[in-house]
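Have a look at the structure below, then the notes.
Computed from heavy atoms alone, side chains included, the values below leave out hydrogens, waters and symmetry copies. Every chain is numbered from 1, with letters handed out A, B, ... down the list of sequences.
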Amino acid sequence: MALRLFNTLSGKIEEFNPIDANRVRMYACGPTVYDYGHIGNFRTFIAVDLLYRFLQQHGYDVRYVMNITDVDDKIIRNSARDGVSVQQYTEKYIRAFLEDSATLSIEKPLLVRATEHITAMAEFIAKLEKKGFAYRTDDGSYYFRIAQFPAYGKLSKKDFGGMNDGARVDVDEYEKDSARDFALWKAAKAGEASWDTVIGRGRPGWHIECSVMSMEELGPSFDLHAGGEDLIFPHHENEIAQSESLTGQQFARHWFHARFLLVEGQKMSKSLGNFFTIRDLVLKGHRPSSIRWLLTQVPYRNPLNFTFDGLKSAASSVEKLRNFRFRLKSSQFTAGGNQAMSQLAEETVARIKSSLEDDLNTAEAQAAIFDMLRKVNSAMDAGEVRQDDLKPLLQALENFDAIFGVLNDDDKPKMRAILDWARTEGREQDISPELMEIAGLDQLTDERINQRVSEMEAARKSRDFKLSDAIRAELTAAGILVENTKDGVRWRRK
RNA sequence: GGCGCGGUAGCCAAGUGGUAAGGCCGAGGUCUGCAAAACCUCUAUUCGUGAGUUCGAUUCUCACCCGCGCCUCCA
């Protein structure tokens with residue numbers, strides 16, 4: 001495979017070649033668990049998920065690690081406010097993160113938690129200090145000395161050249177040596193969570209977590225490091241500085257950053273009222289598959305305008321794909337094969353692959369599947385699809401969905417779970433009629449539906465349209481769509 | 001101010017130095033007892049504005065306008 005990806009470090013699109021031929025070691029900065037994740041967080045996680053799935057699909061053995069930041073200023077502040085321990089506080093949001101990820105069909109990475117690696121972080125800092133890259137201040141905090149790492153700024157393309165001059169070591173000084181120096185370790189404060197370590201009592205700074213955990217899980221040098229674009233500076237820049245200072249080796253070779261999304265054309269912010277969590281959207285009646293599809297529609301490096309029109313549009317697109325698969329699986333085909341069809345399937349698979357190889361151009365890959373869909377539907381209308389064509393066509397579709405993950409309709413159970421959550425959280429007022437309607441569907445068993453459908457067919461045969469229409473209306477109200485095709489009757493759940 | 005990104009049909013949005021993918025919505029049609037699905041046709045002579053390079057630019061260059069991101073822990 002010749003995957004080409006934009007590398008923030010070089011500022012160019014490069015061929016992605018892992019250090020070990022067939023193995024990829026990658027790391028993504030995960031959530032800080034002080035609140036429910038919002039759609040912006042999940043744009044990034046889905047972008048990395050697509051990359052992860054694509055690499056796996058093409059034969060790579062991928063070790064994908066994601067951290068969970070379960071200690072930071074906000075967490076400490078909020079847990080104190082709520083009168084619970086840091087652990088109790090974060091537990092709720094870690095669970096929520098896992099649930100939301102599953103809701104969006106994100107494949108689970110190997111998750112690592114900051115609070116389970118505190119000892120290693122302290123040891124890392126102690127080594128940095130020994131090497132002269134870190135210093136302790138009077139209060140017991142530790143800082144990284146940027147002046148000691150000349151390459152500082154290479155990721156974010158910032159020039160810090162001017163600051164090498166005046167920087168000196170003065171451990172007796174209470175303040176940081178340089179304003180740019182960043183905290184590696186924060187000394188314990190009364191009433192705040194802290195840990196006893198070789199460098200004293202305190203808690204880690206944010207940047208050190210990712211350096212320590214990524215290297216612990218993936219080694220000093222690994223293939224790819226991902227995150228949102230806002231993390232380029234200072235977070236990732238600082239990770240590079242710490243890690244490479246300690247090991248003398250290149251840290252991550254490839255840096256992958258997802259662009260921020262806009263909501264209705266504006267930056268997402270709480271003050272604008274356009275700040276949405278996954279749960280907010282589901283409570284409004286939007287399906288998880290619509291959200292996932294919308295977030296995959298725009299290539300990860302382009303701004304994505306997240307709109308409610310777009311969400312509805314995404315729902316239609318997903319339904320069209322699902323209908324297509326349903327039609328393939330439920331139609332009768334005559335024996336034999338149509339070479340044009342198997343060739344089309346083959347071309348589509350190739351086109352999807354080459355689109356994604358091109359810096360994960362998801363828009364192109366989606367265009368490819370829709371082109372196939374239209375051509376095959378057209379051929380089915382004309383009776384030109386044969387039994388042997390089914391397998392390659394379905395395979396092309398599954399191949400696509402192995403990346404995009406929207407074909408299997410598990411939206412309703414996921415939505416019902418969020419409905420239940422809203423009730424236990426006292427958010428009944430946020431439950432929309434749309435959600436109630438969708439959640440109320442699927443009450444009929446397959447058996448019952450089959451029975452009613454055959455009754456409807458019997459009525460149609462005897463031209464009792466009044467009765468057949470009544471049954472149709474009853475089923476429609478229950479979310480069952482009955483379709484009469486030239487191959488006979490079939491039904492599906494809306 | 002520094003660095004970077006983007007402005008393409010009603011909406012979302014891809015793309016290429018050679019004459020505009022795909023999805024959604026809308027209109028008309030085919031099929032159809034009804035319904036649904038599907039298909040077909042139509043919907044940007046035009047790609048923020050102005051100038052330049054070129055046989056030819058949406059695609060390259062310059063300027064300008066607009067929007068966005070980062071520049072003290074926000075994906």
Side-chain angles (χ1 to χ4, degrees), chain A residues 8 11 28-32 37-48 69 72-74 153 156-160 179-180 182-183 186 205-207 209 226-235 237-238 257-262 265-270 293-294 297-299 301-321 323-324 326-327 330-331 351 355 358 361-371 373-382 456 460 463 465-466 468-469 472-473 475-476 481-486 489-492 494:
Chain A
T8 308
C29 288
T32 300
H38 54 71
I39 51 178
N41 299 116
F42 284 101
R43 181 193 194 185
T44 300
F45 300 144
I46 285 181
V48 184
T69 297
D72 89 321
D73 290 345
K74 273 186 195 133
S156 54
K157 316 280 182 268
K158 291 180 194 304
D159 183 10
F160 296 97
R180 289 284 181 183
F182 57 89
K186 298 182 181 184
W206 179 37
H207 315 302
E209 294 176 11
E229 63 168 336
D230 58 318
L231 299 185
I232 296 171
F233 190 90
H235 186 53
E237 195 71 69
N238 291 352
H257 292 103
R259 179 114 199 225
F260 267 23
L261 54 71
L262 301 175
Q266 290 184 292
K267 186 183 173 171
M268 182 170 64
S269 75
K270 285 184 176 163
W293 184 259
L294 181 53
Q297 261 188 305
V298 181
R301 286 203 302 128
N302 292 359
L304 181 160
N305 189 8
F306 192 99
T307 66
F308 285 96
D309 272 357
L311 219 35
K312 284 186 198 139
S313 160
S316 300
S317 298
V318 170
E319 198 184 352
K320 190 170 182 172
L321 287 169
N323 281 346
F324 175 63
F326 180 65
R327 185 179 183 187
S330 64
S331 298
R351 201 175 143 198
S355 300
D358 181 15
N361 192 333
T362 49
E364 288 257 352
Q366 293 180 349
I369 205 70
F370 278 108
D371 278 340
L373 180 148
R374 189 171 10 84
K375 286 174 185 157
V376 175
N377 269 325
S378 195
M380 282 194 280
D381 281 356
M456 182 181 148
R460 287 182 72 233
R463 305 197 66 78
F465 296 126
K466 208 172 165 186
S468 87
D469 286 353
R472 181 191 292 286
L475 290 170
T476 302
L481 202 60
V482 184
E483 299 180 336
N484 299 95
T485 72
K486 62 180 194 293
V489 66
R490 66 185 180 202
W491 60 267
R492 60 190 168 90
K494 274 286 270 184

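Of the P atoms belonging to B:C3 and B:C62, the separation is 14 Å, rounded to the nearest Å. Taking atom P in both B:A51 and B:A14, the straight-line distance is 28 Å, to the nearest Å. For the P atoms, the distance from B:U19 to B:U59 is 15 Å, rounded to whole Å. Atom C1' of B:C11 sits at a distance of 14 Å from the matching atom of B:A44, rounded to the whole Å. Taking the C1' atoms as reference points, B:G15 lies 11 Å from B:C47, given to the whole Å. Between B:U58 and B:A9, the distance separating the two C1' atoms is 14 Å to the nearest Å. Look at the P atom in both B:G52 and B:A57: the space between them is 11 Å, to the nearest Å. Rounded to whole Å, the separation between the C1' atoms of B:C66 and B:C55 comes to 34 Å.
Side chain to side chain, A:R490 and A:N484 fail the donor-acceptor criterion of an N or O pair below 3.5 Å. When only modelled atom types and interatomic distance are considered, A:E209 and A:T69 share a side-chain donor-acceptor pair under 3.5 Å. Under 3.5 Å, the side chains of A:R327 and A:N377 contain a donor-acceptor pair of N or O atoms.
Within 4.0 Å of A:R472, counting heavy atoms only, lies at least one base atom of the nucleic acid. Within 4.0 Å (heavy atoms only), A:D469 reaches at least one base atom of the nucleic acid. Residue contacts for A:P31: at a heavy-atom cut-off of 4.0 Å it reaches no nucleic acid atom on any strand shown. Counting non-hydrogen atoms under 4.0 angstrom, A:K312 reaches nothing in the nucleic acid. Residue-level contact check: A:F233 touches the backbone only, with heavy atoms under 4.0 Å from sugar-phosphate atoms and none from bases. Base contact: A:F465 has a heavy atom under 4.0 Å from a base atom. As judged by a 4.0 angstrom heavy-atom cut-off over every strand, A:K486 is placed among residues making no nucleic acid contact. Within 4.0 Å (heavy atoms only), A:N484 reaches at least one base atom of the nucleic acid. Across all strands, A:E483 comes closer than 4.0 Å to base atoms (heavy-atom distances). Within the 4.0 angstrom heavy-atom criterion, no nucleotide atom of any strand lies near A:I232. Within 4.0 Å of A:T476, counting heavy atoms only, lies no atom of the nucleic acid at all. Among the atoms of the strands shown, only primed sugar atoms or phosphate atoms (P, OP1, OP2) are found under 4.0 Å from some heavy atom of A:N377. Counting any heavy atom pair closer than 4.0 Å across all strands shown, A:H257 reaches no nucleic acid atom. A:K375 comes within contact range of no nucleotide atom at all, as no heavy-atom separation falls under 4.0 Å.
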> Are A:R374 and A:D371 close enough, and set up right, to give a salt bridge (charged side-chain N to carboxylate O under 4.0 Å, His left out), and what steps lead you there?
Replying inline: CA-CA 5 Å; A:R374 189 171 10 84; A:D371 278 340; 2.5 Å; yes

> Can A:K494 and A:E319 be said to form a salt bridge (charged side-chain N to carboxylate O under 4.0 Å, His left out), step by step?
Replying inline: CA-CA 9 Å; A:K494 274 286 270 184; A:E319 198 184 352; 3.2 Å; yes

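Across all strands shown, nothing is found opposite B:G56 as a Watson-Crick or G-U wobble partner with both distances under 3.5 Å. In a base pair of the Watson-Crick type (N1 to N3 plus N6-O4 or O6-N4) or a G-U wobble (N1-O2 and O6-N3), with each distance short of 3.5 Å, B:A20 is matched with no nucleotide. Nucleotide B:G4 forms a pair with B:C68, judged by Watson-Crick or G-U wobble geometry with both contacts under 3.5 Å. In this structure, B:C39 forms a base pair with B:G29, meeting either the Watson-Crick or the G-U wobble geometry with both donor-acceptor distances under 3.5 Å. With a 3.5 Å ceiling on both atom-pair distances, the Watson-Crick or G-U wobble partner of B:A63 is B:U49.
Within the model, atoms NZ of A:K312 and OG of A:S317 stand 14.0 Å from one another, a figure rounded to the nearest 0.5 Å. Within the model, atoms CG of A:L304 and CZ of A:R43 stand 4.5 Å from one another, a figure rounded to the nearest 0.5 Å. From A:F260, atom CZ reaches atom CD of A:E229 across 5.5 Å, with rounding to the nearest 0.5 Å.
Heavy-atom distances to RNA chain B give each of A:S317 and A:F324 a nearest nucleotide, and the one nearer the 5′ end belongs to A:S317. Each of A:A368 and A:L261 has a nearest nucleotide on RNA chain B; the 5'-most of these lies closest to A:A368.
In the 5' to 3' direction, nucleotides of RNA chain B lying under 4.0 Å from heavy atoms of chain A begin and end at B:G2 to B:A75.
Aromatic ring pairs are classed by plane angle as parallel below 30°, tilted from 30° to 60° and perpendicular above 60°; the pair A:W206 and A:H235 is parallel.
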